[in-house]
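Per chain, numbering begins at 1; letters A, B, ... match sequence-line order.
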2 protein chains.
Amino acid sequence: MIKSRNTGYLQYKSFGLVLQALVIMAKKGDTCSSCEIAELLSMEATQLRRILAKLTREHILVTREGRDGGYVLNKKPEDLTLAEIYRALEVGESCNKAVNDTICGNDFGVQMKMACGDILEEMDRSVLGVLEQYTVADLVRKAGY
Amino acid sequence: MIKSRNTGYLQYKSFGLVLQALVIMAKKGDTCSSCEIAELLSMEATQLRRILAKLTREHILVTREGRDGGYVLNKKPEDLTLAEIYRALEVGESCNKAVNDTICGNDFGVQMKMACGDILEEMDRSVLGVLEQYTVADLVRKAGY
DNA sequence: GGATCATTACTCGGATACGCCGTGTCCGAGTCTCCCGGG
DNA sequence: CCCGGGAGACTCGGACACGGCGTATCCGAGTAATGATCC
């Protein structure tokens, strides 16, 4: 078993936060600063920025610095599926990693890795299959308004 | 946003560890002490006990104390699905909770909770659907020898 | 009036301390096994 | 030989410290808007 501290549960939290942030951006349809989003979510602006930076690296968001800057969606909400977000935040990867890190390198570990690998992949595909069916626009609609 | 520390990523880790432990028990088909399992997994026996205690509470395992005691499966491996284990460890619940805890109680939060609730449930059902198809006996077989 | 440029205000993202959860270690309660003595 | 009882040993699970990750705060680099100045 690999001796690694918890790395990754934060991904699930990030997923929840990002979904909300994206809905806010989609509703406004214009650049949103991290401060105004953070206030709506009752959280720290810096933490939100750290999370949104990941989406920027994946070109889901575009940042505009300077006065009246902020984040803008790089795609239309109806073209942005939740699966893309899930992948960008590496939620599935971190879950997979969490399980795999519990498997040590001895013979038994190698056997278990073979046995679990397929199932873990199937779980991941299954979740992504669900998330492919929803877009940010769907969330906006479901949220009312 | 509820101010709560991370509670739950450990569930995924536990899932991986428990899968291995159950395979070991199924292979042996007899009572296994936490020590011998922990040694195979290169981990602390106490940590393993903490996790297996959950399965005992759910009557998936039975503990035998005293000399030559340990843990025994309460069902035949071919009747024990991975979904039961997933549920017993509350993996899905903790993921769900992680996302929901990011949603604060203001009006926007209420809207988001409505919008996300169905999707989160669907994700959970999807994962459980996959795990229903596999049993511990399948893992033992896939692990080869 | 229109263009140019310095100032300003506001943004994002990295660096640094603090706090809580997960981990490691230890110990007690409980019970099954084993061995010995007696019938 | 068979049975009962006590010692022993090994088990699980709860209690108590330590360390690392997540969080919060701060600050610097960068850029777009603004207003003044000049043509």
Can you check the [X] [atom1] to [N] [atom2] distance for me, whole Å?
{"X": "B:Leu10", "N": "C:dG22", "atom1": "CG", "atom2": "P", "value": "6 Å"}
{"X": "A:Met43", "N": "D:dG22", "atom1": "CE", "atom2": "C1'", "value": "12 Å"}
{"X": "A:Tyr71", "N": "D:dA32", "atom1": "OH", "atom2": "P", "value": "15 Å"}
{"X": "A:Arg49", "N": "D:dA29", "atom1": "CZ", "atom2": "C1'", "value": "13 Å"}
{"X": "B:Tyr12", "N": "C:dC21", "atom1": "OH", "atom2": "P", "value": "22 Å"}
{"X": "A:Leu52", "N": "C:dC12", "atom1": "CG", "atom2": "P", "value": "9 Å"}
{"X": "B:Lys97", "N": "C:dC21", "atom1": "NZ", "atom2": "P", "value": "11 Å"}
{"X": "A:Leu48", "N": "C:dG14", "atom1": "CG", "atom2": "P", "value": "15 Å"}

Next on the checklist: Need one value for A:Thr46: base, sugar-phosphate or nothing, where a base atom within 4.0 Å counts as base even if backbone is also close, heavy atoms only.
Outcome noted: base
Item to check | B:Leu120 with B:Tyr86, same ILVMFWY side-chain cluster at under 4.5 Å | outcome: yes
Strictly below 4.0 Å, N to O, side chains only: are [X] and [Y] in salt-bridge contact?
{"X": "B:Asp79", "Y": "B:Lys75", "answer": "no"}
{"X": "B:Arg50", "Y": "B:Glu44", "answer": "no"}
{"X": "B:Lys54", "Y": "B:Glu90", "answer": "no"}

Next on the checklist: Below the 4.0 Å mark, does D:dG22 have OP1 or OP2 next to a side-chain nitrogen or oxygen of A:Gln47?
Outcome noted: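 So the side-chain polar atoms of A:Gln47 never come under 4.0 Å of the phosphate oxygens OP1 or OP2 of D:dG22.
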Next on the checklist: Below the 4.0 Å mark, does D:dT23 have OP1 or OP2 next to a side-chain nitrogen or oxygen of A:Lys13?
Outcome noted: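 So the side-chain polar atoms of A:Lys13 do come within 4.0 Å of the phosphate oxygens OP1 or OP2 of D:dT23, strictly under.
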Next on the checklist: Can you confirm whether more than 12 heavy atoms, excluding those of B:Glu39, are under 6.0 Å from its CD atom?
Outcome noted: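 No, because the 6.0 Å sphere around CD of B:Glu39 holds 12 heavy atoms or fewer from other groups.
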Checklist entry - Start at the 5' end of DNA chain C and walk down; is the nucleotide closest to A:Ser33 or to A:Arg67 reached first? => result A:Arg67
Checklist entry - Starting at the 5' end of DNA chain C, which residue's closest nucleotide do you reach first, A:Thr56 or A:Asp68? => result A:Asp68
Checklist entry - In terms of side-chain heavy atoms of A:Ser34, which of C:dC32, D:dG13, C:dC12 is nearest? => result C:dC12
Checklist entry - Where the side chain of A:Glu65 is defined as all heavy atoms beyond and including C-beta, which of C:dC32, D:dC12, D:dG30 is the nearest nucleotide? => result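 Nearest to the side-chain atoms of A:Glu65, counting from C-beta on, is D:dG30.
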Next on the checklist: Taking atom types as they are modelled, would you say the side chain of A:Arg50 forms a donor-acceptor pair with the base of D:dG22 within the 3.5 Å cutoff?
Outcome noted: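 No such pair is found, so the answer is no.
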